[in-house]
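Beneath this line is the structure, given in structure tokens, with notes to follow.
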Amino acid sequence: MMRTGFGYDVHRLVEGRKLILGGVEVPFEKGLLGHSDADVLLHAVIDALIGAAGLGDIGKHFPPTDNAFKDISSIALLERTRSLIEEKGFEVGNIDSTIVCQSPKLLGYIPGMVANIEKALGCGVGRVNVKAKTEEGLGFTGTSEGIKAYAVALIVEKNK
């Protein structure tokens, strides 16, 4: 059996925070505001995986009201998500994701993001894709007020 899930997340850019995307610290004058490290890419991936497994959404499993998740690395949340889908008898087939921001430019950081996601999910090389797009100056991402991300995940039944 195969199942798909779709994830989306958005966070506001603010001063005084590190910018973490895909578990990579990206040098920039602003970072993303959130309860955890606010890694918008990993949050979209987590939501896609949780959705594919029929387990609700990221807020159900990692609520922003729970201090256990305050400033936590989203890589740790992704590792916990792996356990959740494995408990349901699934493993990652593949993930395709897109980060949307006007700046900073992300091309040089994408290989590290992909490697971090592959490692956290234990899915092997070639199953994770990350793209970066701008919005040509339009909307809140185009004016660098925030960053958003989309992800689609395919999970497959583990061989028994």
Side-chain angles (χ1 to χ4, degrees), residues 4-53 57-59 61-64 69-85 91-156:
T4 60
F6 175 75
Y8 168 80
D9 197 34
V10 60
H11 285 276
R12 177 181 304 275
L13 281 163
V14 296
E15 293 182 7
R17 299 251 320 178
K18 291 180 181 179
L19 179 58
I20 308 294
L21 295 169
V24 174
E25 186 175 336
V26 178
F28 195 57
E29 65 267 13
K30 294 182 179 179
L32 294 168
L33 181 63
H35 185 70
S36 65
D37 63 4
D39 189 326
V40 69
L41 173 60
L42 294 187
H43 293 182
V45 169
I46 289 166
D47 236 9
L49 289 166
I50 288 172
D57 64 21
I58 190 171
H61 296 276
F62 313 114
F69 305 118
K70 178 76 174 139
D71 299 322
I72 193 170
S73 165
S74 293
I75 290 287
L77 300 180
L78 186 59
E79 290 168 345
R80 292 182 190 193
T81 301
R82 174 186 176 183
S83 295
L84 290 172
I85 67 168
E91 63 186 2
V92 173
N94 77 297
I95 293 171
D96 187 30
S97 60
T98 304
I99 305 167
V100 183
C101 65
Q102 198 64 36
S103 58
K105 298 299 180 199
L106 300 175
L107 184 62
Y109 302 98
I110 289 175
M113 295 176 196
V114 169
N116 286 343
I117 295 168
E118 289 172 343
K119 181 179 177 187
L121 294 175
C123 64
V125 175
R127 294 192 182 193
V128 175
N129 190 56
V130 176
K131 304 175 296 287
K133 303 289 182 190
T134 69
E135 294 215 282
E136 304 297 327
L138 300 172
F140 71 89
T141 57
T143 58
S144 297
E145 293 175 64
I147 296 177
K148 62 184 171 182
Y150 300 96
V152 178
L154 172 71
I155 59 174
V156 295

Checklist entry - If you look only at pairs with a residue in residues 100-123, which of them pass as a side chain to side chain donor-acceptor pair (under 3.5 Å), with sequence neighbours excluded? => result S103-S144

Checklist entry - Got F62 and I72 here, is their nearest side-chain heavy-atom distance under 4.5 Å? => result no

Next on the checklist: Does any part of the side chain of L13, heavy atoms only, come nearer than 4.5 Å to the side chain of L32, both counted from C-beta?
Outcome noted: yes

Checklist outcome for this item: Residues passing the salt bridge (Lys or Arg N to Asp or Glu O under 4.0 Å) test with R127, sequence neighbours excluded, are none

Item to check | For the student: nearest non-hydrogen atoms of A48 and G7, plus distance | outcome: CB-N, 3.5 Å

Next on the checklist: List the residues meeting ring pair (Phe, Tyr, Trp, His ring centres under 6.0 Å) with F6, not counting sequence neighbours, and say none if there are none.
Outcome noted: none

Next on the checklist: Using the rule given for side-chain contact (heavy atoms from CB on, under 4.5 Å), can you reason through C123 versus V128, listing the C-alpha separation, both sets of side-chain angles and the distance that settles it, and then say yes or no?
Outcome noted: CA-CA 8 Å; C123 64; V128 175; 3.9 Å; yes

Checklist entry - Atom CG of L78 and atom OG of S73: how far apart are they, to the nearest 0.5 Å? => result 9.0 Å

Checklist entry - Are I50 and H61 side-chain neighbours, meaning at least one heavy-atom pair lies under 4.5 Å? => result yes

Checklist entry - Under the side chain to side chain donor-acceptor pair (under 3.5 Å) rule, what pairs show up with a residue in residues 37-50, not counting sequence neighbours? => result D9-H43, H11-H43, S36-H43, D37-S74, H43-S74

Item to check | E29 atom CD, neighbour heavy-atom count above 12 within 6.0 Å | outcome: yes

Item to check | Step-by-step salt bridge (charged side-chain N to carboxylate O under 4.0 Å, His left out) determination, D71 to K18 | outcome: CA-CA 11 Å; D71 299 322; K18 291 180 181 179; over 6 Å; no

Checklist entry - Does any non-hydrogen side-chain atom of L19 lie less than 4.5 Å from one of P104? => result yes

Checklist entry - Is the number of heavy atoms from other residues, nucleotides or ligands under 6.0 Å of R17 CZ greater than 12? => result yes

Item to check | Nearest-0.5 Å distance that lies between atom CZ in R80 and atom CD1 in I75 | outcome: 13.0 Å

Item to check | Interatomic distance, I147 atom CD1 to L41 atom CG [nearest 0.5 angstrom] | outcome: 10.5 Å

Checklist entry - Any sub-3.5 Å donor-acceptor pair from R82's side-chain atoms to L121's backbone N or O? => result yes

Checklist entry - Do any pairs count as a salt bridge (Lys or Arg N to Asp or Glu O under 4.0 Å) and have a residue in residues 92-103, sequence neighbours left out, and if so which ones? => result D96-K131

Checklist entry - Going by heavy atoms in the side chains, are V92 and L49 under 4.5 Å from each other? => result yes

Checklist entry - What are the two closest heavy atoms between A53 and I85, and how far apart are they? => result CB-CG2, 3.8 Å

Checklist entry - Is there a side-chain contact between I20 and V26 (heavy atoms, below 4.5 Å)? => result no

Checklist entry - Can you check side-chain contact (heavy atoms from CB on, under 4.5 Å) on I95 and N129, steps first, answer last? => result CA-CA 6 Å; I95 293 171; N129 190 56; over 6 Å; no

Next on the checklist: Working note: Y150 + I99, criterion side-chain contact (heavy atoms from CB on, under 4.5 Å); need CA distance, chi angles, decisive distance, verdict.
Outcome noted: CA-CA 7 Å; Y150 300 96; I99 305 167; over 6 Å; no

Item to check | Taking every non-hydrogen atom, the tightest pair across M113 and L21 | outcome: CG-O, 3.3 Å

Next on the checklist: Less than 4.5 Å apart, side chain to side chain, heavy atoms only: is that true for L106 and C101?
Outcome noted: yes

Checklist entry - Any salt bridge (Lys or Arg N to Asp or Glu O under 4.0 Å) pairs touching residues 134-143, not counting sequence neighbours? => result E135-K148

Item to check | Worked verdict on K70 versus H35 for side-chain contact (heavy atoms from CB on, under 4.5 Å) | outcome: CA-CA 5 Å; K70 178 76 174 139; H35 185 70; 3.6 Å; yes

